Amino acid sequence: MNKPESLVPRYSHKDYKSAVKPIWCPGCGHFGVESSLFRALAYLELPPERVAVVSGIGCSSRIPAYTQCYGFHGVHGRAPAVATGLKLARPELTVIVTSGDGDAFSIGGNHFIHACRRNVDMTLLVMDNEVYGMTKGQPSPTTPADWDSKIAPGGTGVNPFAPLAVALASGANFIARGFSGDPNGVAHLLVEAIQHPGFSFVQVLSPCITYRPEERFWKKTVHPSSVEPTRDPAVAGHRLLSDDGFTTGIFYLGNRPCYTATVDTSNHDLSAIEEDLAL
Amino acid sequence: MNKPESLVPRYSHKDYKSAVKPIWCPGCGHFGVESSLFRALAYLELPPERVAVVSGIGCSSRIPAYTQCYGFHGVHGRAPAVATGLKLARPELTVIVTSGDGDAFSIGGNHFIHACRRNVDMTLLVMDNEVYGMTKGQPSPTTPADWDSKIAPGGTGVNPFAPLAVALASGANFIARGFSGDPNGVAHLLVEAIQHPGFSFVQVLSPCITYRPEERFWKKTVHPSSVEPTRDPAVAGHRLLSDDGFTTGIFYLGNRPCYTATVDTSNHDLSAIEEDLAL
Amino acid sequence: MNAPSSQTQVISIAIMGSGGAGAITTGSLLLEAAGQAGWYGLLTRSVGPQIRGGEALAMVRLALTPVTGHGDRYDVLVALDWHNANRFIAEVPLDNKSLIFADTEGGDPPAAILATGARVISLPFTDLADDLPNARPNLLALGMLSELLGIPMDAMVQAVIRTLSGKGLSAAHATDALAAGSQLRSAFPTDTQRLAPPQPRDASTHWLVTGNQAAALGALHGGIRFAAVYPITPATDLSEWMAPRLQKLGGHLIQAEDEIASMNMVLGASFGGIPSMTITSGPGLALMTETLGLAVAAEIPAVVVNVMRGGPSTGIPTKSEQSDLNIALYGLHGDAPHLVLASQSVTDCLITTQWAVQLSEALQCPAIVLSDQFMGQALTICERPTPLSDAPPRRIAEVGMGRYDRYALTEDGISPMAIPGTLGGQYTADGLEHNAHGTPSSSVADHLVQLDKRRIKLEQYDYGDAWAEIDGEGETAVLTWGSTTAAVLEAVAQARAAGLAVKVIALRLLSPTRPEHMALALQGVRRALVVEQSHSAQFHHFLRAYYSLPDRVEVISRPGPLPIRPSEVLNHLLQEIDHE
Amino acid sequence: MNAPSSQTQVISIAIMGSGGAGAITTGSLLLEAAGQAGWYGLLTRSVGPQIRGGEALAMVRLALTPVTGHGDRYDVLVALDWHNANRFIAEVPLDNKSLIFADTEGGDPPAAILATGARVISLPFTDLADDLPNARPNLLALGMLSELLGIPMDAMVQAVIRTLSGKGLSAAHATDALAAGSQLRSAFPTDTQRLAPPQPRDASTHWLVTGNQAAALGALHGGIRFAAVYPITPATDLSEWMAPRLQKLGGHLIQAEDEIASMNMVLGASFGGIPSMTITSGPGLALMTETLGLAVAAEIPAVVVNVMRGGPSTGIPTKSEQSDLNIALYGLHGDAPHLVLASQSVTDCLITTQWAVQLSEALQCPAIVLSDQFMGQALTICERPTPLSDAPPRRIAEVGMGRYDRYALTEDGISPMAIPGTLGGQYTADGLEHNAHGTPSSSVADHLVQLDKRRIKLEQYDYGDAWAEIDGEGETAVLTWGSTTAAVLEAVAQARAAGLAVKVIALRLLSPTRPEHMALALQGVRRALVVEQSHSAQFHHFLRAYYSLPDRVEVISRPGPLPIRPSEVLNHLLQEIDHE
Ligand SMILES: Cc1ncc(C[n+]2csc(CCOP(=O)(O)OP(=O)(O)O)c2C)c(N)n1
Ligand SMILES: Cc1ncc(C[n+]2csc(CCOP(=O)(O)OP(=O)(O)O)c2C)c(N)n1
Ligand code: SF4
Ligand code: SF4
Ligand SMILES: [Mg+2]
Ligand SMILES: [Mg+2]
């Protein structure tokens, strides 16, 4: 993020913020993520009207309406599919999916892995608080097995899974992890993710201070990666499958070709096609 | 599969076969997989009525009715969820999911990764022919990017994904690959998979001779793994992410605890529970 | 409100405040204390969009007799502050007989409040609380309300201590704060009403319960021992209440990865022989319809409790509406006859859900139970409902060594089911059309035979009288369903008092339809009024489609989130009479 | 069949054989040759459960005028063998006027065939073929059929060469085999009929097309340039035919991971400004309803073509039924008004699908187009249909620097839509209830206003006369929809010939309903006959729910897979008259 300070930036992060007031609890980690997103967009000087923020349902998924970009607040778990359709139809837009651990990894798991595999040029930003915030505190796929909750008294007994490893195995082209308590770091990751061609996945650990108050202490748990991002999936796989889940940084930079399409509405001449039906 | 030959086996593989005639094309790889399954069950001396074969929709998913076991031929892609409910409710049953690459990895992708993660004691057997056979030849998530088809002329342009790597990242407890042209080998893998506690995943390369006739040549492509199965996910990850997709054998043996439940219908006394509602 | 000492049978109180003011706590303490003292009551809540700590409104209705819905107006509004009054104003109808008690610190009431003509009385809740140790303004308001309504102070003190002592409030401090509040009685107008004192009763015969809890209990009584769910408002609290209790009973609740998985897990467990269910709301139900069709075709029992919220799409997740009737009745592809039931009140959630489990098991058919946010989350004081008596279990096949036909044709259309593990009962449950044995078949004859079988088993079953609650006689009948029944019953009681003979038919069994029973019920009825809470009159169109209605049919149908008010129904009933 | 040289206007031929016998090829060659020679015709097929190479039945109907459905009976059955005759027998009604030509090698006809009374003529197709180079028995049968029906041999030779030369059949060998077949004429009964010779016509004005192809073309004419699909029988061939053509036009078709993804991709692309669609059948539609509700709430155009098959659940995937009407009309949760249209014939698939795209774009509302396996996969020779003229595109917002209200209230309920990329038009499409700006709102007033808006825009739109095809006058009206229209029209023509005045009302626009138009259409009608192909009379109940029908309503409703036969309708029309 080194940029000549002398230039007057075209956009400030405020240009990306709408008048709608977040419904989030005071202290929610998602505030930090939101501001990181705005900083990244401002840094990249992306005109707000050229950016589309697509989401599902959840506290995290509320972000689109808080932006001055085009927004799509769809149904629970399906945002990567919406974003795929949008980006294929309008390749000139910058498409960002904002999601939560429940939205992206539980109900949305299939679209998550297939978006990784398909490698359309977009960025998936998952605010992972290891809980369903919006529905008031149920375990998500990243919740520790022994976390006690009303719906799973004594814990689910199910191992949380490693979203970065799943993303890698599924074919994601850029894989990184940040922490909402470090908004600059997250902004940096987002700048890289948005610029990297293909499907970029950024997991941001973002505490739910209401239903997982113990996550306040994540600030002591996270630690930056000590090694450089790799371009070798096997090496990345080895690292991610032995990682503790709290390492921040960029893990993998792929160079698979993007899935693209041209969608052009100008041609209305169907005569050649109709010929196929001639008797 | 070394067993004292002198003992008269309790079941022959024919005891697992029903009178329903398969709808498969002559030469379909699924015939071999079916017979491997029967051999494995016979070897394990599992009473047919204690085995449940659960499937979705596809040529491969037709297997339940071809068996003398209890069968469940459900909707497309959801068999792992059905099997989860069944196994939790009736832990004494041996539960086997038979599926295809479309059923398990495309529409069923979410249940696939969550079944891996949840680690209920069952075996998922995917007959992977890298195509949708039942609907007459469309690409699946394992189809090569350049395979030309009616629905994706010139190829999908999408990298096929590595189901074994996805299974590993998602938490599967046993991971193996076989080839339907080697029914003994597949039977052996199934014996191991069924016996291994937790969620076992066996991918069987099973040619669709009708829509992918070139798969006949898989018999020349497959090669047995030269190394022993590992218990280290990171090592397995490194291997699977550098594998060519045609190595057969067992790749990973995990020892995560199974997700279990007790479901007992004998207690009808709700008075203690009603007490909670007393004013 | 006539005389100072006058007494009333029923009273409605609303309490509002911004985040942290404690409006909801105040309401539940009021309800609980009134319950302890012998009254009946109901509490519903309305909150802002914030996940936590946003503005809130508690709506409480207390009465001498059981309460299943709200009334037309509020007698009392307590405003802990006015910050978000505009958000709530539509939900609290006030008039010039209403009393508003507002914290002096809260500033001036908004214009819309003043416009109602209600009398505003300013009280120094905050000021007084500041002078007392550990007191918060809402405790003062609670003391004031006890005095106003006539709720014995000791019941109130007990309720407060039970709830708040965990949060570090001592009995002495609580008593002091409540007493200080009750001192505010001097500000009461001379013509305020008190609740008539209740008959003494044995507290153990009464419950403090929500519809969601009652439904969970009904499911357990019905025999449910496995549940697979995915959280969704306003159904999550049902799952959450059920989970530990199911565990205690030897059953299991699992949170699935999504609604499709939960529905499929339910079918797996039920195929395994365990009565099983899932719990959801509109968007989740939409995801389950494909698998519900499988349950129909493969004849697998399964129960879905759908707690309705405002639609379409994500809609208004925290508010009530009766707009999932269509999807529940018709949302499955193909010809897929299944059971649809609807609860009518908080306590009926128990009965109807229990019945749904029994029917689903008996008929080997999925059952959807429609509840809604209103009754699902309404906290009520009620008499302990009596569960249905146990029903015979699922019909199990007696299998030998011969051929077992899973879908054998029987007189009543119900084919005995083999349970995995049973030797000789092996079959494949199939969503493909099949013959009697279960083998896939696309033959014209097999299709027709199996379609007939699946329809007939539902149509021929004897549901007795429980298909509807029918009350009264008259040439006018009100047809309704679900939680709207409360407003209808209240309006009809008033209409009868005004001399109009009215019959009420509140449907509990929506599918299969009961045309002959309905014809009997409608004998002599010349005018039907349909009352429901949906924008597109879903219930009305359903009735038209499947029943013969009298020539004169009128409809009150509007969307949520406001409940249908008794006066809407009453006015309609009486007005139209005048026109005759 | 009267005189040896007698001529007929229409003739039905069935050809059956086991796997590899070439029954379907024989049928399509017959259709194509007849088409080249100037006749109209239709071919449908029925196959066994095998994925490939199983037994097959080709049903061909040839006529002087356009053909949209099958008749009551078959004039001719060609049995290449009898191996699987029992599977197909229900689909080929034969009588004592029918002729059966059976391969001598095929053995004796099954009892059920003999019981029809049809005349069986044994012919040595296999024997003769064995003596000819490169000849297969079905080519001999084809030569025989040409001679029997009067199809010029050169048209037949051309058709055979076009199709089979790729498989290594030379023109000389083809001609020899066909000629040998035609020599079998000596076995023809003296009273066989030939097709009357057609009027000469310009071949370029005619198409050989299936309903699925026509629907794809209609979608392209309507402006669709993006499609996301998931394969499912019997809709896959629509997607497969469309994919390369969409590519050619500058658009794109993507295969998604499942139906939920395909529907969501469609909304993403449409939100981006591109007219978009998906293609599915029952089980897939069930998975899309949650997202369709989002399209309703967020007002995003989107088209779903649903090619119906036998239900419920996986049902009978390869066969036709009209049983997805309910889910299409009512399958969305909440109050979710949307468009539902139905094609009536192969060529109408073009018109109706095109119209659906135009309406969806104009009304910013999802449209479901119901087609079915019958018309979707029927291959017909027809006159080239004329597409609708282009409609104005989606109403786009002109945005400046001021506030842009995405869901602004307008007179017609349609709010101009901003397309991403446009400065000043930024908004968030939302499935939560919202205010005019698009900001989430749970307010009573916003909910009502937006529900009204979404209903009104559909109801107030001027759909012109296309909502139904109305034909004839009379006190009796037949109400129908979809591919069943063909049988109704044929029956009504016969009823009219028998002196009964009958009106036909075949609905194309099922939702929104058109009560005023229907009232007009039903003026003077005293008796209505509803005809549909579902087990639970879904269409009939829909009509009852939303329309005022005459007092006397009769219903013909039975499930697939057999098509409704003209005689069923005719007999009903005439019988009931006798009873009067
Ligand atoms: C189909 C469907 N199922 C369930 C829900 C209820 N729901 C809303 S948000 C949510 C979970 C959100 O969790 P997450 O994505 O982690 O976001 P967070 O609130 O924690 O930021 C659920 C289950 C829904 N809206 N739709
Ligand atoms: C919801 C739904 N969508 C689509 C289909 C159609 N369908 C049936 S099988 C199948 C693909 C099967 O492919 P695979 O699992 O690879 O099995 P194979 O036939 O190749 O063995 C599809 C798409 C369906 N039955 N249900
Ligand atoms: S509930 Fe948790 S995730 Fe949601 S806004 Fe509050 S703190 Fe944030
Ligand atoms: S289509 Fe392919 S997968 Fe299906 S039965 Fe034939 S060969 Fe096997
Ligand atoms: Mg979360
Ligand atoms: Mg396959």
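The structure displayed is predicted, hence computed values, not measured ones. By convention in this document, chain letters (A, B, ...) are assigned in the order of the sequence lines, proteins followed by strands, and residues within each chain are numbered from 1. Just so you know, these numbers use all the heavy atoms, side chains as well, and skip hydrogens, waters and symmetry mates.
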**Report entry** side chain to side chain contact (heavy atoms under 4.5 Å, CB included) evaluation trace for A:Phe72 with D:Asp430
**Finding:** CA-CA 6 Å; A:Phe72 191 109; D:Asp430 209 321; over 6 Å; no

Query raised in the report: So which of D:Pro420, D:Ala429, D:Gly268, D:Ala297 has the largest heavy-atom pair count under 4.5 angstrom toward chain A?
Result: D:Pro420

Query raised in the report: Counting heavy atoms not belonging to A:Glu92, are there more than 12 under 6.0 Å from its CD?
Result: yes

Requested in this report: Using non-hydrogen atoms and a 4.5 Å limit, figure out which bit of D:Ala261 sits close to chain A: side chain, backbone, both or neither.
Outcome: both

Report task. Please check if atom NZ in A:Lys21 has more than 12 non-hydrogen atoms from other residues, nucleotides or ligands closer than 6.0 Å. Result -> no

Report summary line: A:Pro48 and D:Gln426 have their tightest heavy-atom pair at CB-NE2, 3.6 Å

Requested in this report: Could you grab the distance from atom CD1 of A:Ile57 to atom CG of D:Leu294, nearest 0.5 Å is fine?
Outcome: 8.5 Å

Query - Under 4.5 Å from any heavy atom of chain A - which part of D:Pro244 - result: neither

**Report entry** Short side-chain to backbone donor-acceptor contact, D:Arg225 and A:Asn267, under 3.5 Å
**Finding:** yes

Requested in this report: Please look at D:His437 and chain A and tell me whether the side chain, the backbone, both or neither of the residue comes under 4.5 angstrom of a heavy atom of that chain.
Outcome: neither

Requested in this report: Among the options D:Gly272, D:Gly421, D:Gly251, D:Gly431, pick out the one with the most heavy-atom pairs lying under 4.5 Å from chain A.
Outcome: D:Gly421

Query raised in the report: Side chain, backbone, both or neither: which part of A:Val75 has a heavy atom under 4.5 Å from chain D?
Result: both

Query raised in the report: Side chain, backbone, both or neither: which part of A:Arg90 has a non-hydrogen atom closer than 4.5 Å to chain D?
Result: side chain

Query - Intermediate values then yes/no, side chain to side chain contact (heavy atoms under 4.5 Å, CB included), A:Leu88 and D:Met265 - result: CA-CA 9 Å; A:Leu88 292 178; D:Met265 287 179 184; 5.8 Å; no

Report summary line: Honestly, the part of D:Thr422 sitting under 4.5 Å from a heavy atom of chain A is both

Query - Part of D:Ile300 within contact of chain A (heavy atom distance under 4.5 Å) - result: side chain

Report summary line: If one checks every heavy atom of A:Ala65 against chain D at 4.5 Å, the contacting part turns out to be both

Query raised in the report: Could you give the distance from CD1 (D:Ile260) to CZ (A:Arg78), rounded to the nearest 0.5 Å?
Result: 4.0 Å

Report task. Would you give the length of the straight line joining atom CG of A:Leu279 to atom CH2 of D:Trp207, rounded to the nearest 0.5 angstrom? Result -> 12.0 Å

**Report entry** Heavy-atom pair count under 4.5 Å with chain D, highest-scoring of A:His111, A:Arg50, A:Arg62
**Finding:** A:His111

Query raised in the report: At a heavy-atom separation under 4.5 Å, does A:Leu93 approach chain D through its side chain, its backbone, both, or neither?
Result: side chain

Requested in this report: Please report the C-alpha distance between A:Tyr259 and D:Ile254 in whole Å, then the side-chain angles of each, then the deciding distance to 0.1 Å, and finally whether the side chain to side chain contact (heavy atoms under 4.5 Å, CB included) criterion is met.
Outcome: CA-CA 11 Å; A:Tyr259 183 96; D:Ile254 182 172; 3.4 Å; yes

Report task. Give, as side chain, backbone, both or neither, the part of A:Glu274 having an atom under 4.5 angstrom from any heavy atom of chain D. Result -> both

Query raised in the report: Given a strict heavy-atom distance threshold of 4.5 Å, which part of D:Ile224 is in contact with chain A: side chain, backbone, both, or neither?
Result: neither

Report summary line: In terms of heavy-atom pairs under 4.5 Å with chain D, the winner among A:Asp269, A:Asp264, A:Thr265, A:Thr67 is A:Asp264

Report summary line: Most contact-rich option vs chain A, by heavy-atom pairs under 4.5 angstrom, among D:Val209, D:Leu217, D:Leu267, is D:Leu217

Requested in this report: For A:Tyr70 and D:Ile419, indicate whether the former's side chain and the latter's backbone hold a donor-acceptor pair under 3.5 Å.
Outcome: yes

Query - Proximity breakdown for D:Ala418 and chain A, heavy-atom pairs closer than 4.5 Å - result: both

**Report entry** Minimum-distance pair of heavy atoms, taken over all atoms of D:Ile274 and A:Ala89
**Finding:** CG1-CB, 3.6 Å

Query raised in the report: Hey, which of A:His114, A:Gln68, A:Glu275 has the most heavy atom pairs under 4.5 Å with chain D?
Result: A:His114

Report summary line: Heaviest contributor of heavy-atom pairs below 4.5 Å to chain A, chosen from D:Arg384, D:Glu32, D:Lys248, is D:Arg384

Query - Residues A:Leu86, D:Phe271; criterion side chain to side chain contact (heavy atoms under 4.5 Å, CB included); working and verdict - result: CA-CA 7 Å; A:Leu86 176 57; D:Phe271 170 77; 4.0 Å; yes

Query - Spacing of A:Thr262 atom OG1 and D:His252 atom NE2 [to the nearest 0.5 Å] - result: 8.0 Å

Query raised in the report: Taking C-beta and beyond as the side chain, do D:Leu220 and A:Ile273 meet within less than 4.5 Å on heavy atoms?
Result: yes

Query raised in the report: Between A:Arg117 and D:Glu257, does at least one N-O distance fall below 4.0 Å, as a salt bridge requires?
Result: no

